[in-house]
Asks: 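I'd like to ask you about the structure that follows.
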Number of protein chains: 4
Amino acid sequence: MNKAIADFRSDNAGRVAPELITALATANNGTVLGYGGDPLTAQLQARFCELFETPVRVFPVPTGTAANALSLAAVCPSFGAVYCSPDAHIHTAEGNALGFFSGGARMVGVPGPHGKIHAQALERAIGTAGVGLANKPQPAAVNVVQSTDLGAVYGTDEVAAISEVAHAHGLKVHMDGARIANAIARLGCTPAQATWKCGVDILSFGITKNGGLLADAIVVFRPDVATEIGFHLRRAGAVWSKMRFASAQILAYVEDGLWLRLAGQANQVAAHIAARIAPLAGVGFSAPVDANVLFVEMAPHALTALQEEGILFQRRGPSLARFVCRWDTSTADADALVAAITRVSAMREHPLPGHLELHAQHRP
Amino acid sequence: MNKAIADFRSDNAGRVAPELITALATANNGTVLGYGGDPLTAQLQARFCELFETPVRVFPVPTGTAANALSLAAVCPSFGAVYCSPDAHIHTAEGNALGFFSGGARMVGVPGPHGKIHAQALERAIGTAGVGLANKPQPAAVNVVQSTDLGAVYGTDEVAAISEVAHAHGLKVHMDGARIANAIARLGCTPAQATWKCGVDILSFGITKNGGLLADAIVVFRPDVATEIGFHLRRAGAVWSKMRFASAQILAYVEDGLWLRLAGQANQVAAHIAARIAPLAGVGFSAPVDANVLFVEMAPHALTALQEEGILFQRRGPSLARFVCRWDTSTADADALVAAITRVSAMREHPLPGHLELHAQHRP
Amino acid sequence: MNKAIADFRSDNAGRVAPELITALATANNGTVLGYGGDPLTAQLQARFCELFETPVRVFPVPTGTAANALSLAAVCPSFGAVYCSPDAHIHTAEGNALGFFSGGARMVGVPGPHGKIHAQALERAIGTAGVGLANKPQPAAVNVVQSTDLGAVYGTDEVAAISEVAHAHGLKVHMDGARIANAIARLGCTPAQATWKCGVDILSFGITKNGGLLADAIVVFRPDVATEIGFHLRRAGAVWSKMRFASAQILAYVEDGLWLRLAGQANQVAAHIAARIAPLAGVGFSAPVDANVLFVEMAPHALTALQEEGILFQRRGPSLARFVCRWDTSTADADALVAAITRVSAMREHPLPGHLELHAQHRP
Amino acid sequence: MNKAIADFRSDNAGRVAPELITALATANNGTVLGYGGDPLTAQLQARFCELFETPVRVFPVPTGTAANALSLAAVCPSFGAVYCSPDAHIHTAEGNALGFFSGGARMVGVPGPHGKIHAQALERAIGTAGVGLANKPQPAAVNVVQSTDLGAVYGTDEVAAISEVAHAHGLKVHMDGARIANAIARLGCTPAQATWKCGVDILSFGITKNGGLLADAIVVFRPDVATEIGFHLRRAGAVWSKMRFASAQILAYVEDGLWLRLAGQANQVAAHIAARIAPLAGVGFSAPVDANVLFVEMAPHALTALQEEGILFQRRGPSLARFVCRWDTSTADADALVAAITRVSAMREHPLPGHLELHAQHRP
């Protein structure tokens with residue numbers, strides 16, 4: 001491979017928003033109680049109640065996997081089932097975290113396009129689950145990823161429809177918001193509208209992927225949900241003693257809308273790239289580019305050529321590539337990618353011409 | 001309570017060494033692979049091999065509880081027993097973390113002075129454990145806290161004696177080094193001498209309590225120990241995607257001996273206080289002041305008066321107080337504490353005079 | 001529903017072979033050591049080594065679910081994956097037992113016909129599993145159900161091919177032999193040929209479904225497999241203190257080939273029914289009738305009529321029925337079923353004629 | 001050792017009451033639904049409601065360990081604490097079963113005489129537990145063994161006092177009734193008085209030790225207790241598919257007071273032995289002989305001589321022996337023991353005379 005000319009591998013490959021590091025330095029003053037008994041963590045609680053326009057409980061945690069697995073374990077018994085997209089991060093990329101934290105809970109795949117699940121499909125899945133039969137995992141929760149692992153964004157009505165089905169059957173609604181900022185930036189709605197107002201009970205509030213440092217958070221929206229999660233977290237080693245430095249990051253992250261600005265930048269770069277490459281022959285999208293991630297279909301030889309040009313990205317198959325735009329992805333990076341795709345998409349495969357059929361239905 | 005005049009509540013109440021925050025800013029540059037695939041984490045591996053003078057594997061983790069429970073779960077089966085002091089942090093202050101992470105492992109208390117365990121007591125405990133009996137927890141690991149939860153420091157010969165017993169029976173040796181820097185600073189030995197050279201197999205390398213921010217680490221000393229711990233950690237949500245920012249902290253922490261300087265400062269302040277208050281009537285020590293923590297026995301009314309004066313500390317019983325000195329505990333703080341103890345220890349209890357008998361055997 | 005005229009609901013609906021109850025009475029004599037320290041359990045060990053023509057360890061357990069989950073948990077770590085048919089009992093009918101006993105292990109479906117898995121499909125699944133990637137469940141074991149949950153019997157070459165793939169990748173081979181007697185009776189091979197000679201490492205030796213009472217067993221074929229399972233079992237409450245009464249049952253079960261005679265009877269009845277109904281129009285088989293279970297496709301109205309006639313069976317879908325023949329299913333029961341199916345398959349649906357297409361490829 | 005002349009090793013060393021085996025033969029008739037959907041299991045439910053004079057739910061389970069661990073796991077969260085006597089069976093003889101089934105729950109020892117716990121000691125223990133502190137196991141349940149592992153029987157007022165403390169703090173009361181029949185036979189009270197009328201919420205109803213075969217049971221006394229235990233049990237492989245044969249045993253066991261007659265016989269033999277050996281010099285009791293178990297203190301050389309004479313018993317220490325009387329312990333066995341103890345207690349130790357001090361306070 002040549003020298004890397006632009007990096008689209010992952011949200012986590014990038015930098016931290018400098019405001020968060022500044023906040024750490026500012027918080028580094030005086031003495032406070034540990035494990036969340038400090039003024040900044042109290043301020044974080046108040047700030048999130050304000051941000052979400054409802055009383056919430058917020059718990060900083062180290063990682064998105066911890067946020068997801070501990071959220072779900074707090075609402076799903078060891079004999080329970082969590083409904084999710086087969087493309088959901090908890091299913092494809094978190095090992096056995098859910099089963100481990102819950103003492104055995106299983107995931108049940110629910111179909112839907114682009115990493116989404118459909119409310120009707122959820123209804124059907126619950127209907128055949130064997131509720132009350134002790135030899136079947138009992139429906140307990142549904143996991144909605146916003147934006148999805150394939151780069152799509154749920155409409156709030158879509159989430160509301162899922163929540164309606166879930167709540168009608170006694171399931172809790174967990175949103176994996178690893179990229180919730182990108183979704184909200186896209187939807188142009190309020191954080192409240194994107195979450196509890198469409199039925200979300202508990203949220204993995206992602207920060208790391210959007211300029212964060214070493215903390216994500218769990219947000220609980222109802223007093224009767226996850227009542228014991230504080231015990232789960234501490235026992236899981238997921239509560240820092242120097243919590244003020246986690247809370248300080250998160251406060252800075254939401255200060256003055258920083259989080260939505262960062263996500264908006266990433267979304268904008270992605271949209272820019274999508275608009276430029278959509279007209280190219282031999283370029284398709286396997287999912288709509290709603291947020292900051294592009295799933296692009298191209299001929300295998302073209303993707304290989306792209307790699308050889310020094311574009312860093314995740315190859316998801318012979319003819320499928322994932323490009324992730326970050327808050328700190330520059331216009332130069334974007335232009336480099338567009339130029340490279342333009343070049344390689346025009347290449348003929350040698351010695352044998354390719355016969356690639358592309359799904360082009362999601363051109364933006 | 002009056003305004004706080006000095007804070008001796010805990011190591012984690014204090015500030016972060018500014019070098020660590022600077023390191024974060026420095027690391028905030030360019031793009032890298034996530035989850036530990038970055039150059040700083042590679043550098044951390046190399047640096048720790050050098051620091052410990054042997055090939056080691058090092059894993060940054062969010063908290064000391066995660067470090068302890070995941071280390072022990074990696075060397076103890078679900079049907080196993082971990083031998084520890086009744087005063088050990090895993091026993092008194094980490095909830096059910098060990099049982100949770102291990103799938104049921106139990107702790108067995110081994111007596112010894114000041115939070116230590118004795119090699120002979122360990123030998124006896126293993127001898128009556130019922131090795132091979134399926135209805136008994138099977139001896140699997142021993143937990144040694146260095147420095148101990150009561151402020152004492154094991155001699156390397158003491159640790160070696162414990163390790164010899166443990167290894168003779170097939171147990172692994174885990175050192176909870178939440179305050180290992182303080183211990184090494186006291187012992188004046190090398191990190192290697194304090195750990196694997198006296199038989200330690202796996203170490204919780206504490207950083208948080210000694211100027212750290214949001215990361216501790218696990219260090220594995222032998223290739224055949226904890227071979228699967230990488231899978232345990234990721235599955236436990238204890239692996240950051242932006243790992244470079246954890247590794248950067250830890251690199252800065254050990255750079256040029258910073259960690260031992262910080263710990264030495266804390267130890268020195270503790271020794272200073274101990275030397276000043278030891279001569280006072282009505283003041284005793286329930287454990288030797290080997291490192292940065294003082295366990296002081298005084299009359300209940302005197303401790304209450306101390307609290308009322310604005311000295312912040314942990315009251316462990318009517319007549320027992322814990323004072324923790326940090327790297328950033330100032331001489332002024334120390335002098336304020338000495339002055340306050342001097343005042344309150346001279347007070348007579350009203351209306352009834354006290355009849356306190358103190359254990360004064362550990363005057364430094 | 002009319003009075004039941006014949007019961008084909010399940011293997012477990014039937015009677016116990018009287019020899020097993022007699023054995024209990026015979027064993028009820030004198031005093032012995034508990035938890036397996038008795039002469040009958042020693043005799044069971046010896047008998048199974050003889051039966052399987054190799055040194056084995058045998059552990060009586062209460063249920064098939066305990067046998068499966070504890071076998072798999074003994075060979076699969078908490079971060080591991082168990083490969084199985086989507087129709088496997090562990091996947092469809094044992095709740096979250098595997099995840100519970102293993103601390104989180106997940107099942108990965110491998111396609112194949114009639115409840116089997118294919119060696120090549122297993123190879124492909126392992127190939128894309130992400131071996132060594134900590135965010136993916138690590139391939140650890142494969143589960144083969146013999147005879148399958150859809151009534152088919154693996155050839156020993158088919159099992160051997162699976163085992164070869166599994167062992168090449170370091171996976172252990174678990175056979176769920178809930179109906180292994182039926183499979184061996186069908187194959188006409190030895191117990192050794194059906195198990196370890198084709199690569200099985202650990203076996204759930206089913207008894208309950210074939211005339212058993214309250215015990216099944218785990219059989220371990222290699223000294224280096226499941227070395228700690230004795231501790232797992234006792235800790236799981238799966239070891240009876242009055243073990244002699246479990247061992248006595250199992251000894252009687254295999255005495256003079258009783259188990260294979262019982263299974264042979266059940267198989268014969270199933271074959272008899274299959275041969276009689278196969279020629280009927282409107283009757284098909286969704287899987288080959290290799291053992292004692294028939295999966296029959298008929299028009300919905302015909303199945304409903306069959307239920308109304310008083311035939312007890314499990315309806316697996318509008319047009320799919322499962323009929324299980326037991327060792328104590330009488331010829332009269334079989335004839336009653338054949339007569340009833342003959343009647344209902346000739347019925348026209350009213351008022352609207354049906355348009356059922358049947359898969360008839362498995363006519364015996 | 002000479003030939004065994006009498007066996008006092010354990011309750012589980014003995015025979016099954018023949019009525020239970022007869023019941024199995026009687027139940028072996030016709031076909032029924034599995035997993036408890038049979039008429040005998042329905043009859044068992046009704047019979048236990050009658051027996052305990054209140055609506056209960058009863059669940060046959062394979063072993064006492066399964067009964068205890070699953071009962072406690074059903075009322076104690078993974079971050080919880082179970083209070084028990086240090087001599088309790090769950091603490092001394094069930095490996096890590098509680099931690100395994102509960103996902104980490106810990107036991108906290110509460111002092112008391114003879115395997116009992118004291119209500120006041122429980123009050124104190126809960127008072128210092130750190131309720132609400134996430135780094136401490138949260139008080140969730142108390143375990144009362146009736147009769148105790150040291151052979152004593154709680155008065156119903158003693159149990160009521162414990163329950164009052166437990167319920168006042170929100171803990172559930174679990175009775176380990178492995179020998180509850182012996183306790184009730186001793187107390188002369190009703191099963192209701194021995195259990196829920198003195199506050200027991202959930203009961204391990206022991207059968208095995210008192211003439212049972214392969215089943216014990218869990219009895220739940222309140223509708224709001226252990227509401228999900230049915231799911232826990234099935235998932236744990238503790239629910240037999242041929243449940244009718246477990247239910248038949250238990251029905252026979254309580255038919256016409258059989259269980260209390262069997263226990264009464266065992267108690268009577270124990271009392272007979274105690275009365276005969278109490279007057280002997282050099283013989284003491286470390287606990288009152290309230291039920292069917294004697295804890296006898298004698299000189300080490302005398303106990304060794306007793307073993308050499310062919311008396312089988314459990315030696316709990318150099319000078320402590322446990323003798324268990326069973327329902328099928330004959331008068332001849334008892335007389336053989338008395339005669340042997342009489343002989344060996346009169347022996348002088350050679351060459352050095354012993355200097356044994358015995359606790360003789362519990363002479364019956």
Side-chain angles (χ1 to χ4, degrees), chain C residues 4 6-7 9-18 20-22 24-25 27-35 38 61-70 94-97 99-101 103 208-209 212-215 231-232 234-243 245-246 249 312 326 328, chain D residues 4 6-7 9-18 20-22 24-25 27-35 38 61-70 94-97 99-101 103 208-209 212-215 231-232 234-243 245-246 249 312 326 328:
Chain C
D7 189 342
R9 286 176 294 185
S10 176
D11 320 68
N12 60 42
R15 286 186 295 124
V16 170
L20 274 67
I21 296 179
T22 302
L24 293 177
N28 197 20
N29 187 30
T31 62
V32 297
L33 266 181
Y35 295 105
D38 64 276
V61 293
T63 68
T65 295
N68 285 340
L70 281 156
E94 302 188 0
N96 295 355
F100 170 66
F101 278 102
T208 302
K209 289 187 193 298
L213 179 56
L214 295 173
F231 294 105
H232 290 237
R234 182 71 172 272
R235 183 269 329 264
V239 179
W240 287 286
S241 63
K242 279 175 161 167
M243 183 62 88
F245 296 102
Q249 288 175 52
L312 301 176
R326 306 177 316 273
D328 64 338
Chain D
D7 190 342
R9 285 177 296 186
S10 176
D11 321 67
N12 60 42
R15 286 186 295 124
V16 170
L20 274 67
I21 295 180
T22 301
L24 293 177
N28 196 22
N29 188 31
T31 62
V32 298
L33 266 182
Y35 294 105
D38 64 276
V61 292
T63 68
T65 295
N68 285 339
L70 281 156
E94 302 187 359
N96 295 356
F100 170 66
F101 279 102
T208 303
K209 290 186 192 297
L213 177 57
L214 294 172
F231 294 103
H232 290 238
R234 183 70 171 273
R235 187 268 327 265
V239 179
W240 286 286
S241 62
K242 280 176 160 166
M243 184 62 89
F245 297 102
Q249 289 175 51
L312 299 176
R326 306 178 315 273
D328 64 339

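Here is the naming used below: chain letters follow the sequence lines, and residue numbers restart at 1 for every chain. Every heavy atom of this structure was used, including side-chain atoms; hydrogens, water molecules and symmetry mates were not.
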Asks: Given heavy-atom pairs under 4.5 angstrom as the criterion, report whether the side chain, backbone, both or neither of C/A25 touches chain D.
Replies: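 Both parts, backbone and side chain.
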Asks: List for me each residue that meets side-chain hydrogen bond (donor to acceptor under 3.5 Å, both in side chains) alongside C/D11, sequence neighbours excluded, and say none if there are none.
Replies: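 C/D11 satisfies side-chain hydrogen bond (donor to acceptor under 3.5 Å, both in side chains) with C/R179, C/N292 only.
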Asks: If you count heavy-atom pairs under 4.5 Å between each of D/G14, D/A66, D/G34 and chain C, which one has the most?
Replies: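 Greatest number of close heavy-atom pairs with chain C: D/G14.
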Asks: Under 4.5 Å heavy-atom distance to chain D, tell me which part of C/R15 shows up: side chain, backbone, both or neither.
Replies: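 Both parts, backbone and side chain.
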Asks: Identify the heavy atoms of D/K242 and C/L213 that sit nearest to each other, and give their distance.
Replies: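 Heavy-atom minimum between the residues: CB-O, 3.7 Å.
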Asks: Please step through side chain to side chain contact (heavy atoms under 4.5 Å, CB included) for the pair C/I21 and D/N28, ending with a clear verdict.
Replies: CA-CA 9 Å; C/I21 296 179; D/N28 196 22; 3.7 Å; yes
Asks: If you tally heavy-atom pairs under 4.5 Å against chain D, which of C/M243, C/R326, C/R9 wins?
Replies: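 The candidate making the most pairs under 4.5 Å is C/R9.
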Asks: Should the pair D/F101 and C/F101 be assigned to parallel (<30°), tilted (30 to 60°) or perpendicular (>60°) ring geometry?
Replies: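 Aromatic pair D/F101/C/F101 classed perpendicular.
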Asks: Against chain D, label C/Y35 side chain, backbone, both or neither, depending on which of its atoms sit under 4.5 Å from a heavy atom there.
Replies: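 Side chain of C/Y35 only, per the 4.5 Å heavy-atom cut-off to chain D.
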Asks: How close do C/W240 and D/L214 get, heavy atom to heavy atom, and via which atoms?
Replies: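 Heavy-atom minimum between the residues: NE1-O, 3.0 Å.
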Asks: Out of D/L70, D/N68, D/L33, which one racks up the most heavy-atom pairs below 4.5 Å with chain C?
Replies: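 Highest number of pairs under 4.5 Å: D/L33.
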Asks: I need the residue from C/G95, C/A238, C/A13, C/A97 with the largest number of non-hydrogen atom pairs under 4.5 Å to chain D.
Replies: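 With the most close heavy-atom pairs to chain D, the winner is C/A13.
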Asks: Specify the closest pair of heavy atoms between D/S241 and C/T208, including all atoms of both residues, with the distance to one decimal.
Replies: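 Nearest heavy atoms, D/S241 then C/T208: OG-CG2, 3.3 Å.
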Asks: How close do C/G237 and D/P62 get, heavy atom to heavy atom, and via which atoms?
Replies: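 Scanning both residues completely, I find the closest heavy atoms to be O-CB, 4.5 Å.
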Asks: Top residue by heavy-atom pair count (under 4.5 Å) with chain C, among D/G212, D/G103, D/A27?
Replies: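 Of the options given, most contacts go to D/G212.
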Asks: Could you grab the distance from atom CG of C/D328 to atom CG of D/N29, nearest 0.5 Å is fine?
Replies: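 Reported value, rounded in 0.5 Å steps: 10.5 Å.
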Asks: Find the one option among C/D7, C/T22, C/D38, C/V61 whose heavy-atom pairs under 4.5 Å with chain D are most numerous.
Replies: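 Most pairs with chain D among the choices: C/D7.
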Asks: Using non-hydrogen atoms and a 4.5 Å limit, figure out which bit of C/V239 sits close to chain D: side chain, backbone, both or neither.
Replies: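 Only the backbone of C/V239 comes within 4.5 Å of chain D.
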Asks: Chain D: which of C/A69, C/G30, C/G64 shares the most heavy-atom pairs with it under 4.5 Å?
Replies: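 Looking at each of C/A69, C/G30, C/G64 in turn, C/G30 comes out on top.
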Asks: What part of D/S10 gets closer than 4.5 Å to chain C, counting heavy atoms only: side chain, backbone, both or neither?
Replies: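 Contact with chain C is absent: no heavy atom of D/S10 under 4.5 Å.
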Asks: Is there a side-chain contact between D/L24 and C/L24 in this structure, where contact means two heavy atoms from C-beta onward sitting under 4.5 Å apart?
Replies: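 Yes. Closest side-chain heavy atoms under 4.5 Å.
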Asks: In Å and rounded to the nearest 0.5 Å, what is the NE2 to CG distance from C/H232 to D/N96?
Replies: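 Taking NE2 in C/H232 and CG in D/N96, the distance rounds to 11.0 Å.
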Asks: Apply salt bridge (Lys or Arg N to Asp or Glu O under 4.0 Å) to D/R234 and list each qualifying residue two or more places apart in sequence or on a separate chain.
Replies: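 D/R234 satisfies salt bridge (Lys or Arg N to Asp or Glu O under 4.0 Å) with no residue once adjacent residues are dropped.
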